[in-house]
Amino acid sequence: MVNCHIRQRRRTRKATWRLHVVLGLLPALCGALDACRSSGARLSTARLGGSDDSTGAAVMLDRIRRVTESLTSPAMAGRGLGTAEGNAAAAHLARTFHSLGLQTAPGTADFLQRVPLWRIAYDTQRTIVHTRARALPARATSDEVSGPGPTDGDASGKLMYVGFGVVDSVSGHNDLEATDVRGKIVIVSTARRSIGAEERALSWSAAIGNAVTLSRIRNRGAAALILVDDAPALHTNSSALDLSFHNDIVADTLPAPLSMPVVHISTGVAEALFEHDTFGYAGALGAASRGDRVTHELSDSAHVMVRRTVTPVKASNVIAVLRGSDHLLSRNAVVFMAHYDGLGRDRDGKVRAGAADNALGIGMLVALAERVAAMRVRPRRTMLFLATTGEERGMLGAKFWVDNPSLPISQVSAVVNFDGIGTEIFGPIRRIVGFGAELSTLGEALAAIEQERGLISEPDPFGSRRPFLRSDHIILARRGVPALMLLGLPEGPVAESMQRALMWVERAYHAPADTIGNDWDWRGPRDLASVAFAVGIRIANAAEEPAWLSTSPFQRQRRP
Ligand SMILES: [Zn+2]
């Protein structure tokens, strides 16, 4: 804090000197001042001609709390995609952005960018696998049947089991070698985790997966594909599990509908299909899991039937802009994003309010926007605030935005995303996890702010869970935009915070228990938003464009 104070004095003097010489630099220096001010240094209001830091921080805290409370109110019913409540949340955010004096983005009149989506409803009574003897229940998912085109699918043929359907050039394992699947109804196991040895699982990881399997089987002329859901669930909490069965909304930009019906069945139904087979399903799966090639035709035939209806869904991203002050650099924008959608009601009608995930993220986004809008001297680059829809259903809003961006993607300097698991509310922030910080020069900007504020830079505590790959910003990163996602942790051992966070994931993530708790400490999200603000201003005022490091897998030519 003291350091910051001294540096500011120097900068102020410098700025006065330069004022007469290089007017163009002033915004950058003032921006730096503003950022530094937010770090907690107390400055004379006379010197800066504005409110002091504690006022700014109090405004942020108040804004974060109010936005989070509004979005989690009963009237918002969990902000489900395509629901009236989800659209009410969008309208609420649009009004808020308007009240802050922000501008609309090109192509949007009212801060809303319509995102065309489709809801696919499967007729569960008539999505079935028929055998000679009976009608067995199946389910279909929109991601595999795809697209809002023709709705129904029918196929008859002999049943054929191909294990995991692996074709792996590395290990040489090929479940489809010398096998004619044309006109067959192909059954594939999906229990990837049970694939014996670790090396094999790794080697096969690129060779399996529903999408790969699907196109492989279809290209070989199969009549239908049956995927057996024998993979263990990712989450033990039932609401999270519930999600995977309700992926019923799709973008209208998916490839043409497939000509081949695809359904999922339970292991129980699989056993019934293997009724007259010598192995039985369990036996065949066991052999496949040991790495044996178990491809063979079953003695039975079947008929696969898929019935669905497709209806348009109304949804919007909410976008606000603050034009940069530099006539050249303002062509480029720093994007701050967070998703406002939640999961709405669960199967029992219980509201999943999505407080930590991600009403709180939107609270921080809006507080940051308010702070930027209130700056006396605007940042040099443009600031764009993007509240996305449909993140929970496959980052649909973010995907639509990169295909229909508010400015060319090549002019997006950086993206900072808020999509947390609520660790911020544990208390005032002492440690920062910058997901993606090690991949681009954004890491340097973050490190500078951490140092200024005496914060500890914490490595990603999730490791293999790879949170960096699992939220909206990744959609921009894949188009070449340097990206950062921030997580704040309080004073005290990291292990303790992580323990608390993991307990929250188990109990509340994507579940009705994700509500604002009495124990929430709003100073934490205030601190994190303030750090993001300072980082954002630093990026927005820097002479150099942020860039991926050469070691980053995202280092590539930006596509417009
Ligand atoms: Zn989220």
Side-chain angles (χ1 to χ4, degrees), residues 64 67-68 70-72 76-83 85-86 89-90 93 115 234-235 237 239-244 246-247 249 315 317-318 335-346 351-366 368 385-401 415-425 433-436 460-462 465-477 483-488 501-502 504-517 520 524-525 528-529 532:
I64 294 168
V67 170
T68 309
S70 301
L71 292 183
T72 51
M76 294 290 179
R79 311 178 304 284
L81 176 60
T83 63
E85 295 89 351
L93 285 173
V115 179
L234 280 172
H235 299 284
N237 93 42
S239 284
L241 195 63
D242 176 54
L243 173 66
S244 61
H246 282 79
N247 189 19
I249 297 183
N317 290 326
V318 193
V335 172
F336 293 94
M337 73 193 304
H339 72 88
Y340 73 84
D341 66 304
L343 289 167
R345 294 175 190 277
D346 70 6
V351 168
R352 292 171 286 190
D357 176 24
N358 191 34
L360 184 63
I362 289 288
M364 292 189 276
L365 179 80
V366 173
L368 198 149
F385 305 95
L386 171 58
T388 55
T389 186
E391 192 272 350
E392 301 287 12
R393 305 289 177 155
M395 306 187 258
L396 298 172
K399 285 175 183 166
F400 184 77
W401 189 82
V415 57
V416 180
N417 184 25
F418 296 106
D419 187 7
I421 52 168
T423 54
E424 290 79 49
I425 54 84
V433 181
F435 296 105
D460 175 0
F462 295 94
R465 289 183 178 221
R466 316 285 301 274
F468 187 69
L469 303 180
R470 292 170 53 182
S471 186
D472 275 341
H473 61 271
I474 197 69
I475 303 298
L476 279 76
L484 194 59
M485 182 165 75
L486 299 175
L487 182 87
L502 291 175
W504 177 87
V505 168
E506 198 57 33
R507 181 181 63 86
Y509 180 56
H510 289 170
D514 182 9
T515 54
I516 298 173
W520 277 32
L528 192 71

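Side chains included, hydrogens not; waters and symmetry mates left out as well; all remaining heavy atoms used. Counting starts at 1 for both ligands and their atoms, following the listed order.
Among the backbone and side-chain atoms of Glu391, none of the N, O or S atoms lies under 2.8 Å from the Zn ion (ligand 1). Residue contacts to the Zn ion (ligand 1): Glu392 brings no N, O or S atom closer than 2.8 Å.
Its N, O or S atom nearest to the Zn ion (ligand 1) is what matters here, and for Asp357 that atom is OD1. Taking the Zn ion (ligand 1) as reference, His339 places its N/O/S atom NE2 nearest. Closest approach between the Zn ion (ligand 1) and any N/O/S atom of Asp419 involves OD1.
The side-chain contact (heavy atoms from CB on, under 4.5 Å) search around Ala483 returns Val415, Phe468, His473, Ala477, Trp548, not counting sequence neighbours. Checked against side-chain contact (heavy atoms from CB on, under 4.5 Å), Ala338 has the following partners two or more places apart in sequence or in another chain: Asn358, Ile362, Leu365, Phe418.
Put simply, the side chain of Trp401 does not reach to within 4.5 Å of the side chain of Thr388, judged on heavy atoms. Annotation: side chain of Met395 is in contact with side chain of Ile474 (closest heavy-atom distance under 4.5 Å).
Across every non-hydrogen atom of Trp520 and Ala356, the tightest pair is CH2-N, 3.8 Å.
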